[in-house]
Amino acid sequence: MANILVIAEMQDGKVRKSTHSAITFARQVGGTFSILVLGQGAKAAAAEVTGYGAQAVLACDDAYLAQPLAERIAPTAAATAKSGNFDVVVVTASSFGKDLAPRVAAKLSAGYAPDINGVKSDGGKLVFKRPVFAGNAFATCEVTTPVKVVSVRQSEFAAAEPSGGASPIQDVALAAKDAAAEAVEFVGLEAAKSERPDLGEAKVIVSGGRALKEKFAEVLDPLANLLGAAVGASRAACDAGYAPAELQVGQTGRVVAPQLYVAIGISGAIQHLAGMKGSKTIVAINKDPDAPIFQVADYGLVADLFTAVPELVTELKKAKG
Amino acid sequence: MKILVPLKRVADPDNANKVKVNAGKLETTGLEWKPNPFDEYAVETALRLTENGTNTKARQGEVVVVTFGPKEAETTLRGALATGADRAIRIDATDDQLDGDIVARALKALVEKEKPDLVLLGKQAVDGDSNQVGQLLAEYLGWPQATFAGTIKSEDDKSLLVGREVDGGTISLRVKLPAVVSVDLRIVAPKSVKSKFTPDTHAYPEGVRFAALMAIMAAKKKPLVEMKLADLTTDTALKITYTGFELPPARKAGIKVKSVPELVEKLKSEAKVL
Ligand SMILES: Cc1cc2nc3c(=O)[nH]c(=O)nc-3n(C[C@H](O)[C@H](O)[C@H](O)COP(=O)(O)OP(=O)(O)OC[C@H]3O[C@@H](n4cnc5c(N)ncnc54)[C@H](O)[C@@H]3O)c2cc1C
Ligand SMILES: Nc1ncnc2c1ncn2[C@@H]1O[C@H](COP(=O)(O)O)[C@@H](O)[C@H]1O
């Protein structure tokens, strides 16, 4: 029976929603799990996740952990994994999780299965599935070490719903500090200011490509507003500065799987498809009938986006009455 | 500044849709090899950090590139030498002898020999998409890390100011050298990298530099040494093993709609997503 440690991600004093995907992983594997919340205000945040069926919610509440620095967080995460005899340590594969997990694995001499999209327990042995080559193949893999570290795709492990009960909150002491932490200084976070849902959590995403040029926001915002959607972008749109980098969807950006993904003026390069192919319904608007995006689109519209998108806004308003 | 850049060759990502799965095995015959794009960006970044952008011929430091791979992977190293790297090292290994952890532990031993001020590498190799070697290496070395760097400024010889691309925006970190920095896509934008030699006003062309024919010829004479994996690590047990491959489930074929009203109608009554 596995005993799993879920590492929560904190943001603005709260447990970030992405954490719920790691909880789903723990439930799928079965056995027992605990949740570790690290950060300033971790104790208060821990109360948010006591209703998910964990054995315990462990909180390391310390100003030293106020910023998401792997050099500061990894020592306590690894020490907790050791002292609690956890055999699997899991975190969601957000930028936070990807930055942190390998450092924790190295401390535990554990193998690390990154960015998995599935898990099976094969006679007590854990078998992981993960996309490789920009999602052009799914690999099956095993971690050979006694302790295993895993990061899970938020788009593939649906956010866990509360299951009732009340896990006890236990304090965890800060582990001895690493010298590496002395060599890194947090200068600041330039946070994306947006009223829109996070790309990882949005039910609808309106995504734009290079074709939008300087009119990126002007064209997409009315549609996104109407649909309550998050806005995404292709690499080309981000590189050109039409959209901020954190909106990039793809193999090397955010991986998303909303109910509805509307790709506007995006050609559909494999690196882009890798980040959105799992969406339930895909709509593509592109003036090139041969654009590869149409191969994954459920509904394709060959049209000039500068007329089609405003028309779509008008029609949607009508349809919504 | 002395910079070590680990460089991996990968199956050409633009042809990765030709990746075939045969009886649970990945078929790599017939695939073309290319340097991992993120590693090309790391080489470009290393060059920018060790030069005055207005005179890219004179290197103000040393850039050493290293790969773990078979003899043919030397093509990738020569490519990096041609664009301006000084020396290359190939550690003889085949892909199935390696996982991220072995690469990181061997790199640690190499770093202890070479004593670079900075290890600069891609955030991920676009074949396995693992995104782990940089972080593992930093931990094994006890060094700070700045992953997913979109901007780097070399303030003096002792530290770097790094802008990291994260989910919620950009995190700025100051790391003391020696450090490990992994680079993201935007690092090769015209003003992303600032060395202390380059005037503030200087803007690079977008992307990585190409080697002139002369430089390609000259690169053949630059030093390239071979090492054995066993020279760097004796523990060669894989921590992750791949047991099978399959193609991802195909999406069912979609349709083309003729008009915006038809699209709205389909979304409403067929897909039921409105
Ligand atoms: C290492 C690496 C990693 C990468 N990672 C990612 C990633 O994570 N995400 C990602 O998106 N890309 C990524 N890419 C880039 C990818 O290969 C493509 O270059 C990129 O996705 C193209 O963006 P685009 O579709 O916006 O631009 P383009 O390919 O230029 O396509 C623009 C499209 O707009 C259409 N168009 C033009 N005008 C109009 C109009 N008026 N009306 C309607 N349609 C119009 C055109 O027909 C065309 O199809 C990566 C590349 C590399 C090398
Ligand atoms: N076989 C290899 N040879 C050289 N560098 C490698 C190798 N494997 C991984 N790397 C480096 O580690 C980075 C991250 O790779 P990965 O963690 O495998 O996604 C790559 O961008 C390379 O710089």
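Fair warning: this is a prediction, and the values are worked out from it, not measured in the lab. Reminder, nothing fancy here: chain letters follow the sequence lines and each chain counts from 1.
- One finds the CG atom of A:L316 at 8.0 Å from the CG atom of B:L263 (value rounded to the nearest 0.5 Å).
- Only the side chain of A:L227 comes within contact range of chain B, judged by heavy atoms closer than 4.5 Å.
- With a 4.5 angstrom heavy-atom cutoff, B:A189 does not touch chain A via any of its atoms.
- No more than 12 heavy atoms of other residues, nucleotides or ligands sit less than 6.0 Å from atom NZ of A:K14.
- Interface remark: A:A181 contributes no atoms to any contact with chain B (heavy atom separation under 4.5 Å).
- Heavy atoms of A:L199 lying under 4.5 Å from chain B are absent altogether.
- Here the closest non-hydrogen pair linking B:P144 and A:R103 is C-NH1, 4.1 Å.
- Atoms CD1 and CZ, on B:I240 and A:F128 in that order, are 8.0 Å from each other to the nearest 0.5 Å.
- One finds the CG atom of B:N131 at 8.5 Å from the OG atom of A:S151 (value rounded to the nearest 0.5 Å).
- Of all heavy-atom pairs between B:P261 and A:E311, the closest is CD-OE2, 3.7 Å.
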task = Begin with the C-alpha distance, continue with both residues' side-chain angles, and end with the deciding distance and a verdict on salt bridge (Lys or Arg N to Asp or Glu O under 4.0 Å) for A:D99 and B:R164.
result = CA-CA 11 Å; A:D99 185 55; B:R164 304 181 50 228; 3.5 Å; yes

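- Interface remark: of the candidates A:V302, A:T140, A:V296, A:T140 forms the most heavy-atom pairs closer than 4.5 Å to chain B.
- Contacts between A:V283 and chain B at a heavy-atom distance below 4.5 Å involve the side chain alone, from C-beta outward.
- Between the side chains of A:Y299 and B:E270, at least one donor-acceptor pair of N or O atoms lies under 3.5 Å.
- The two residues A:N136 and B:L247 come nearest to each other via the heavy atoms O-CD2, 3.7 Å.
- Most heavy-atom pairs under 4.5 Å with chain B: of the set A:A245, A:A101, A:A191, this distinction falls to A:A245.
- Closest approach of A:F138 to B:P249, counting heavy atoms only: CE1-CD, 3.6 Å.
- Chosen from B:L26, B:V133, B:T147, B:T170, the residue pairing most often with chain A at heavy-atom distances under 4.5 Å is B:T170.
- Of all heavy-atom pairs between B:V260 and A:L301, the closest is CG2-CD2, 3.8 Å.
- Each of A:R254, A:Q154, A:K98 was compared with B:D167 under the side chain to side chain contact (heavy atoms under 4.5 Å, CB included) criterion, and only A:R254 meets it.
- With values rounded to the nearest 0.5 angstrom, A:D115 atom CG is found 11.0 Å from B:Q132 atom CD.
- Only the side chain of B:L161 has a heavy atom closer than 4.5 Å to any heavy atom of chain A.
- Heavy-atom distances place no part of B:L141 under 4.5 Å from chain A, backbone and side chain included.
- A heavy-atom distance below 4.5 Å is found between the side chains of A:Q251 and B:V126.
- Between the side chain of B:K256 and the backbone N or O of A:P289 there is at least one donor-acceptor pair closer than 3.5 Å.
- Interface check for chain A: of the options B:G150, B:G134, B:G254, B:S172, the most heavy-atom pairs under 4.5 Å are formed by B:S172.
- Only the backbone of B:K258 comes within contact range of chain A, with at least one heavy atom under 4.5 Å from a heavy atom of that chain.
- With a 4.5 angstrom heavy-atom cutoff, B:Q124 touches chain A only via side-chain atoms.
- Annotation for A:K320: atom NZ counts as buried by contact number, over 12 foreign heavy atoms lying within 6.0 Å.
- Under a 4.0 Å N-O distance rule, the pair A:D298/B:K266 does not qualify as a salt bridge.
- For A:A303, no part lies under 4.5 angstrom from a heavy atom of chain B.
- Atom CG of B:L267 and atom CG of A:L312 lie 8.0 Å apart (nearest 0.5 Å).
- A:E71 contributes a side-chain N or O that, together with a main-chain N or O of B:Q145, makes up a donor-acceptor pair within less than 3.5 Å.
- Counting heavy-atom pairs closer than 4.5 Å to chain B, the top residue among A:E142, A:E315, A:Q11, A:E246 is A:E142.
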request  = In sequence, state the C-alpha distance, the side-chain angles, and the governing distance for B:D129 and A:F133, and then conclude on side chain to side chain contact (heavy atoms under 4.5 Å, CB included).
outcome  = CA-CA 7 Å; B:D129 287 331; A:F133 289 98; 5.9 Å; no

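- Looking at A:R16, the atoms closer than 4.5 Å to chain B (heavy atoms on both sides) all sit in the side chain, from C-beta outward.
- With a 4.5 Å cut-off on side-chain heavy atoms, B:F38 and A:T252 count as touching.
- When each of A:A179, A:S194, A:S109, A:G241 is checked for heavy-atom pairs under 4.5 Å with chain B, A:S109 comes out on top.
- The closest donor-acceptor contact from the side chain of A:R130 to the backbone of B:G128 lies under 3.5 Å.
- With respect to chain B, the highest number of heavy-atom pairs below 4.5 Å among A:E182, A:K193, A:K129 belongs to A:K129.
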query = side chain to side chain contact (heavy atoms under 4.5 Å, CB included) between A:F186 and B:I171: does it pass, once the steps are laid out?
reply = CA-CA 8 Å; A:F186 185 90; B:I171 288 181; 3.6 Å; yes

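- Listed options B:K176, B:E246, B:E206 were ranked by heavy-atom pairs under 4.5 angstrom with chain A; first place goes to B:E246.
- Looking at B:Y242, the atoms closer than 4.5 Å to chain A (heavy atoms on both sides) sit in the backbone and in the side chain alike.
- The contact between B:V175 and chain A is made by backbone and side chain atoms together, counting heavy-atom distances below 4.5 Å.
- Only the backbone of B:S259 has a heavy atom closer than 4.5 Å to any heavy atom of chain A.
- More than 12 heavy atoms of other residues, nucleotides or ligands shown are found within 6.0 angstrom of NZ on B:K191.
- Annotation: side chain of A:V204 is not in contact with side chain of B:V273 (no heavy-atom distance under 4.5 Å).
- Here CD of B:E139 is found 3.5 Å from NZ of A:K107. Values are rounded to the nearest 0.5 Å.
- Of the residues considered (A:I285, A:T314, A:T281), A:T281 shows the highest number of contacts with chain B, using heavy-atom pairs under 4.5 Å.
- Between A:Q248 and B:R186, the side chains place a donor N or O and an acceptor N or O closer than 3.5 Å (distance only, hydrogens not considered).
- Put simply, the side chain of A:T144 gets close to the backbone of B:L238: a donor and an acceptor are under 3.5 Å apart.
- Sparse packing is recorded around CD of A:E190, with 12 or fewer heavy atoms of other residues, nucleotides or ligands lying under 6.0 Å away.
- Side chain of B:R251 to main chain of A:K277: a donor-acceptor pair is present (N/O by atom type, distance under 3.5 Å, no hydrogens or angles).
- Taking each heavy atom of A:A180 and B:G142 in turn, the nearest pair found is CB-O, 3.4 Å.
- Between chain A and the options B:V162, B:L137, B:L136, heavy-atom pairs under 4.5 Å are most frequent for B:L136.
- Proximity of A:E185 to B:S159: side-chain heavy atoms (C-beta onward) are nowhere separated by under 4.5 Å.
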